**Q** 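Please see the structure below; I have some questions.
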Amino acid sequence: MPATRNRRTRAALADVVEAASNGRSQKRSKTDMNEHKEPENMDDPAGDEPGTPQLYYFEGVEYDTYQEFVDAKRERNQQKMFDLGLGENSSLKLSSALKIAKSAATQRGLQRKKEKNAEPTARRRSSRVSGDKANLVALDYYVPNWNTDNKSIVTVAEGEGGEEEKEETPAFFKGRVNHGEDLTLEQAIELNEPKWITDESLKLAQDFQKDIMSLEETNKTRKAASVSMTTVEKRIKDLSIDNEEWIAKVTPDRIYSVACHPSETKMIAGAGDKGGYVGLWDVDSRSESNNGVHLFRPHSRPVCCMDWVSKDSMVSASYDGTVRLLNVEKGTFQEIFATYNGDSEYLEELGYNLDEGYNYWTQFVAVDKRYQGSNPSIFMSTSAGTAMHIDLRVSDKQRISFNVDLSAKKINSLSLHPDGNILASGGLDNTVNLWDIRKFGSNSKKALKPIASYSVGRSVNSAFFSPDGTSLLTTTMMDKLEIFDNAHLKTSTIKPTKSIRHNNQTGRWLTTFMAVWHPKLDIFVSGSMNKPRCIESFDSKGNCLREITGDALGSVMSRCCYHPSTEKMAIVGGNSSGRVVVIR
DNA sequence: TCAATCGTTACACTT
DNA sequence: AAGTGTCCACGATTGA
């Protein structure tokens, strides 16, 4: 046993912290993924069973047997614990080690706050530090400022010669790209992480651009269509998924939104992910060298909304506060709206002074379907509970038609009834509310009252009117999908006419469910937690038309949508690792 | 009343 | 095969 057994020094703790941070902080950096082999990697014997003829390495030493390797590891860890003065009961003592390390991080955090006026929180990096993994003690100090580019990660480490600080700002956390400017396709590709770019990317994207332009203009009407239910049911029955070419990795990260190009001749599925990536997948142009996916990065934070407004323009909106319009003809992601803080340099911007900083982001954006045109108008809800309508129809008359405070908490969705007057909102305040937008006024300060309301009991993921407006569909954390008939005609409380039990507990790492209508028909679709994994399709009465399952459907499709065609039936689903499935 | 923390969920990636 | 990362979604609980 070492003589230092009872020593409890910060330097010793710092060694541990530093050792861990050296190994792990490099791993985090995504920009230099191809470099740096970490010595820590030798910790694990690659999952081999004891007894297999394999050499084991640990801290540069070679061991012949698994048992020797394990013993060496255990001994080293015990040594570390003794050095910390933490005795033999490692699991208990480890928690105190963490406390000490955490307090050091917090101190550093507070100092940083003074310097940079940032909000600090210290968090433990590894949530599975236990038992003999004491060597993994490491702390990150996050400076979260989600609306600017200030989120940096500071790994706190103290060496013997004094204090040392490592700072990384991964590309992911950089703020908005080309603030206030349009992005060309080339720029949007260059903003991808290098691993997603090939020499061909730009050329392929340009060919794709031409392909889209050569498509026939699609039927733009957004009105509900009348197709007999028997036809619809038959088409849904005929949907097929068992083709492995109909699933592809479209974005690098968790999908927050999916969209389907309106063309009836060319199937183009699209998805927006957590990192601001937008992937467009030309489903039938898969070749040996290329899977037909074109990846761009017009945003820096989750892409919460994507919607094609014509054959050659698509709106994308993001938590980063920007709304962009992909103009296929010009090949640009044009910034059509952005929120700004109160800095006077943004005084001229339409979104000036909307951004409240910390804890404020654009949660939901919907295209205003009353207007057709090159500049779509949008409804937008925010994490602060405000809802606004931004009229972008004519460039010199752009304005915010209204900006109202509808809730104390985040609003998850907005939906305008086809009559153009009633707006449905739902969010973390546990209610679904219907508002008369004629009463909003542009700058009204008086408290607004909804014309009708429904208390869910848990938060509301989404509330959408059907294409013809007769039904309101909600997805809630009460584990229900609920349908309200003629909700827009009610004047006090509304009650669901149909309530479907539906597990909506997607947890932390999966995007929440939102049941969405077909753009023109009275049917809707939702992902599901059921096993085997499936996508569920319902009619407007809430009858399940089909639980679509298949070999290609191996994970939870958090966000789904229908192809807008009334002739062809197709469903696009996106999961939480960037994979998109097309069912047709 | 608010802030901080943790549990939950499922998948992908690494070793 | 096992381990680990995921980092503001939501709800519950605790502490200030």
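Residue numbering restarts at 1 for every chain, and letters A, B, ... go by the order of the sequence lines. Note that the coordinates shown come from a computational prediction; the quantities given were computed from them, not determined experimentally.
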**Q** Looking only at the side chain of A:R458 (C-beta and beyond, no hydrogens), which of the listed nucleotides C:dG11, C:dA9, C:dT6 gets closest?
**A** C:dG11
**Q** Counting any heavy atom closer than 4.0 Å, what does A:N503 reach on the DNA or RNA strands: base, sugar-phosphate only, or nothing?
**A** nothing
**Q** Over how many whole Å does the gap from A:R579 atom CZ to B:dA10 atom P extend?
**A**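 These atoms are roughly 18 Å apart.
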**Q** Rounded off to whole Å, could you give me the CG-to-P distance for the A:D479 and C:dA9 pair?
**A** 18 Å
**Q** Please report the distance, rounded to the nearest Å, between CZ in A:F364 and P in C:dA9.
**A**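 Checked: the CZ to P distance equals 15 Å.
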**Q** Any side-chain N or O of A:S459 under 4.0 Å from OP1/OP2 of C:dG11?
**A** yes
**Q** Take A:Y277 and A:F296 through the ring pair (Phe, Tyr, Trp, His ring centres under 6.0 Å) test and state the conclusion after the steps.
**A** CA-CA 6 Å; A:Y277 286 87; A:F296 308 97; over 10 Å; no
**Q** B:dC11, OP1 or OP2 - any side-chain N/O from A:S577 closer than 4.0 Å?
**A** no
**Q** Between A:N504 and C:dA9, is there a contact of a side-chain N or O with OP1 or OP2 at under 4.0 Å?
**A** no
**Q** Rounding to an integer number of angstrom, what distance separates C:dA12 and B:dT9 when you compare their C1' atoms?
**A**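 Between the two C1' atoms, the distance is 16 Å.
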**Q** Given atom CD of A:Q363 and atom C1' of C:dA9, what is their separation to the nearest angstrom?
**A**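 A:Q363 atom CD is separated from C:dA9 atom C1' by 9 Å.
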**Q** Select base, sugar-phosphate, or nothing to describe what A:S576 touches, counting heavy atoms under 4.0 Å on all strands.
**A** nothing
**Q** Salt bridge (charged side-chain N to carboxylate O under 4.0 Å, His left out) with A:D282: which residues, sequence neighbours excluded?
**A**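 Only A:K266 meet the salt bridge (charged side-chain N to carboxylate O under 4.0 Å, His left out) criterion with A:D282.
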**Q** Can a side-chain donor-acceptor contact be found between A:T382 and A:T386 if the only test is distance below 3.5 angstrom?
**A** yes
**Q** Quick check on DNA chain B: between A:G507 and A:N575, whose nearest nucleotide comes earlier from the 5' end?
**A**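 The residue whose closest nucleotide sits nearer the 5' end is A:G507.
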**Q** Measuring to OP1 and OP2 of B:dC6, would you say a side-chain N or O of A:R508 lies under 4.0 angstrom away?
**A** no
**Q** Measure the distance from CG on A:N461 to C1' on C:dC8 and round it to the nearest whole Å.
**A** 15 Å
**Q** Rounded to the Å, how far apart are A:M557 CE and B:dT9 C1'?
**A**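 In whole Å, B:dT9 C1' lies 16 Å from A:M557 CE.
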**Q** Return no unless some side-chain N or O of A:K410 is found under 4.0 Å from OP1 or OP2 of C:dC10.
**A**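 Checking C:dC10 against A:K410, a side-chain N or O does come within under 4.0 Å of OP1 or OP2.
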**Q** Hey, what do you get for CD1 (A:I378) to CG (A:D307), rounding to the nearest 0.5 Å?
**A** 11.5 Å
**Q** When rounded to the nearest 0.5 angstrom, what distance separates CG in A:L423 from CG in A:L434?
**A**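 Rounded to the nearest 0.5 Å, the CG-CG separation comes out at 8.5 Å.
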**Q** For a quick test of reading the model: is some side-chain N or O of A:Y256 closer than 4.0 Å to OP1 or OP2 of C:dA9?
**A** yes
**Q** In whole angstrom, what separates A:Q505's CD from B:dA10's P?
**A**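 The distance from CD of A:Q505 to P of B:dA10 comes to 11 Å, rounded to the nearest Å.
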**Q** Of the nucleotides B:dA10, C:dG11, C:dA9, which has the atom closest to the A:Y319 side chain?
**A** C:dA9
**Q** Taking the side chain of A:R301 as its heavy atoms from C-beta onward, which of B:dA10, C:dG11, C:dC8 lies nearest to it?
**A** C:dC8
**Q** Should the pair A:F464 and A:F364 be assigned to parallel (<30°), tilted (30 to 60°) or perpendicular (>60°) ring geometry?
**A** tilted
**Q** With a cut-off of less than 4.0 Å, is there a side-chain N or O of A:K249 near OP1 or OP2 of B:dC11?
**A** no
**Q** Starting from C1' on C:dC10, measure out to CE on A:M478 and report it in whole angstrom.
**A**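 To the nearest whole Å, that distance equals 14 Å.
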**Q** What's A:G554 touching, base or sugar-phosphate or nothing? Going by heavy atoms closer than 4.0 Å.
**A**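 Sugar-phosphate contact only - A:G554 comes under 4.0 Å of backbone atoms but never of a base.
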